[in-house]
There are 2 protein chains.
Amino acid sequence: MKLHQVTIKDIAKILGISISTVSRALKSHPDISIETRNQVKELAKKLNYEPNALAMNLRRNKTNTLGVIIPEIVHHFFSSVISGIEDIAYDRGYNVMVCQSNELYDREVINAQALLANRVDGVLISVSKTTFEFDHFRHFANQGIPMVFFDRICPDVISDRVITNDEGGAFLATEHLISIGCKKIAHFSAPQNLMIGQGRLAGYQRALKQYQFEFDPSLVLQCDTRELAIEKTERFMNDNPDVDGVFAANDSTAIAAMQIIQKMGKNVPDNVSLVGFGDGPNALIAWPPLTTVEQKGYEMGAEAIKLLIHKIENDTPTDSYQTKVLTPSLIIRESTK
Amino acid sequence: MKLHQVTIKDIAKILGISISTVSRALKSHPDISIETRNQVKELAKKLNYEPNALAMNLRRNKTNTLGVIIPEIVHHFFSSVISGIEDIAYDRGYNVMVCQSNELYDREVINAQALLANRVDGVLISVSKTTFEFDHFRHFANQGIPMVFFDRICPDVISDRVITNDEGGAFLATEHLISIGCKKIAHFSAPQNLMIGQGRLAGYQRALKQYQFEFDPSLVLQCDTRELAIEKTERFMNDNPDVDGVFAANDSTAIAAMQIIQKMGKNVPDNVSLVGFGDGPNALIAWPPLTTVEQKGYEMGAEAIKLLIHKIENDTPTDSYQTKVLTPSLIIRESTK
DNA sequence: AACGGTTTCGCAATCGTTTGCGGTTTCGTT
DNA sequence: AACGAAACCGCAAACGATTGCGAAACCGTT
């Protein structure tokens, strides 16, 4: 049972002055005498007065709240993104409502509706894997609410976007393996129906080509989870015993593969060098620490929300959209040499 | 530039009926004829009408929004908690505003104020490490806003709580080290101003006592982050060369310590056995896989929000508070033997 | 004493919605 | 034809805050 919260009306009644005077006094409006102002402020503090944001928001038609729709919070990458979002939001005086879709289309729709009903000033979205219909996002556009997509962008909805240059990152990883003298480099790839899968394979291929390595399709193994790596790595390494470099599409795959390879009696990095992609904290915890392509979740969140706030606070023409591409960088550790 | 959002007033004007009729028609109030009701509903759908939650909330004095204050989102444990919170909130029709304090007292205070201003219906809190003053939490109580503390609870504020049985978990961990034959067992502890720090130390001590080990304060090292472990472990192990068991207050500390110990030329688990606390995915990726006390983040979030919603929706007497204790279990892996 | 200019404050509308109460139809009954 | 009950709908206040405009009150000047 909620108690009555103090309002300016209460303060007005107690002090025997009008509501408007209290309102003005609280924000040091010059129309109000200093004595009155002080009286009001003192009483407000004494009563623990907190302005009712709901009322203000209703009047201003602005909530200072941003919505976020994200597939899964329990993911180092996504939680980093949220962290970046939160920090910038905090600095700029915005609140954040985080919704997770759990990769479910229906839930994403409901989340979007809730954010709409709550009149958020803008939304940040990373699309669920099961979403192929985008009308729930278009409603934001219809209402003039700015959107920024990040990471999992929505190709069918024009808007601002923040993405990672997967191809470039994969190129760096592969180039590094080449530069340290690897002669036969395998790629443990992500599914090719995902943009990230395509991009990372493409970067791998471009590096091979640029350094006159022949592309051998049999050196590409679709394998992008810890479980798959544990299942497939040994056989693959036996089939291709002279592989001395592996670029995996993500860190957990790389780490699992590394552990299997070590168990097979090979030394990492002396016999085989491995590079991952993602740079969660896992890369540091593995042994040896994993060379990996750093994916900047925090920066992505920060960039996305900056873009969004800019859109909200400046009346930019509605038809100008940017796409920000974050270039990942290679972090060289001890799994390659 | 935000467009005008459709309101019931617009619908009323177009249909030439009153606002109240529209309002009632939309919720199928029996006073309204079926034809009118249908007309209204159709037009509402056509215009993409979305009820303004702000206005409703202002009138109802209820927001259907819950606040969460958490130290850090980028933590497997905390993001699991949020995931649990989100899922239940979604099922029960609540929105969630997540704020991270980044372990900063000042920021925690501001977060609390923001939630207060937004008139959340209740709050879930896990206290920052740098918080020693709790008035900002008491404001919630003063306003009659239910609070539930979880994990990092606040001893000075009476309220509902959800915690893990840290003492019990620590006991299990220490007992395990004793049972496998460790003779000199150190504890890398969390700060003693945190209840979890106290609890884990207490469990360690109880196990020692129960098995007639002498408690040696110099074997307790305050060290609860990866960075601290990297900084302090070597010196500690040199000062105490015959330590053959370490119980660390969390996994990342245990893993970092394990890596340092390995670098010092000792074998894990042959020379030194280590146990962590927390069981994020890291414990599996470390080498050797870490024995650890399993902490149930998702369940904790779910339990906490259930308690909170119960408090919100039922007028339970304000003076009855529960504490829910989640019992952790020991997961034995290869860092101990 | 009357006037003009400050200073200081209050009225009332507004944001979008809900809801008690009262008012107008409509229709059936006698 | 007249009366009463249903059925249907609108007025207006309320939630808490902001703000343009108007209005007192006070001061000094002539």
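Note on naming: letters A, B, ... go to the chains in the order of the sequence lines (proteins, then strands), and numbering restarts at 1 for each one. Fair warning: this is a prediction, and the values are worked out from it, not measured in the lab.
Side-chain contact check for B:E72 and A:S83: no donor-acceptor pair (N or O, by modelled atom type) lies under 3.5 Å.
A donor-acceptor contact shorter than 3.5 Å links the side chain of B:R107 to the backbone of B:Q100.
Each of D:dA17, C:dT19, D:dG16 was ranked by its minimum atom distance to the side chain of B:L58; first place goes to D:dG16. Of the candidates C:dT19, D:dC9, C:dA13, the closest approach to any side-chain atom of A:R59 belongs to C:dA13. Residue B:S33 places its side chain closer to D:dC8 than to any other of C:dT17, C:dC9, D:dC8. When distances are taken from the side chain of A:N52 to each of C:dT17, C:dG16, D:dG16, the shortest belongs to D:dG16. The side chain of B:T21 approaches D:dG10 more closely than any other nucleotide in the set D:dG10, D:dG16, C:dC9.
Below 30°, between 30° and 60°, or above 60°: for B:F134 and B:F137 the angle between ring planes is below 30°, a parallel geometry.
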Going 5' to 3' through nucleotides 20-27 of chain C, assign each nucleotide B (protein heavy atom under 4.0 Å from a base atom), S (under 4.0 Å only from sugar-phosphate atoms) or - (no protein heavy atom that close). B-------
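Residue B:S23 is in base contact, counting any heavy-atom pair closer than 4.0 Å across all strands shown. Residue contacts for A:I17: at a heavy-atom cut-off of 4.0 Å it reaches the sugar-phosphate backbone alone, with no base atom in range.
Checking B:I145, B:V120, B:L307, B:L66 one by one against B:I312, the side chain to side chain contact (heavy atoms under 4.5 Å, CB included) holds for a single residue, B:L66.
In terms of position on DNA chain D, the residue among A:I8 and B:V22 whose nearest nucleotide sits closer to the 5' end is B:V22.
Taking 4.0 angstrom as the limit, B:K9 places a side-chain polar atom (N or O) nearer than this to OP1 or OP2 of C:dC15.
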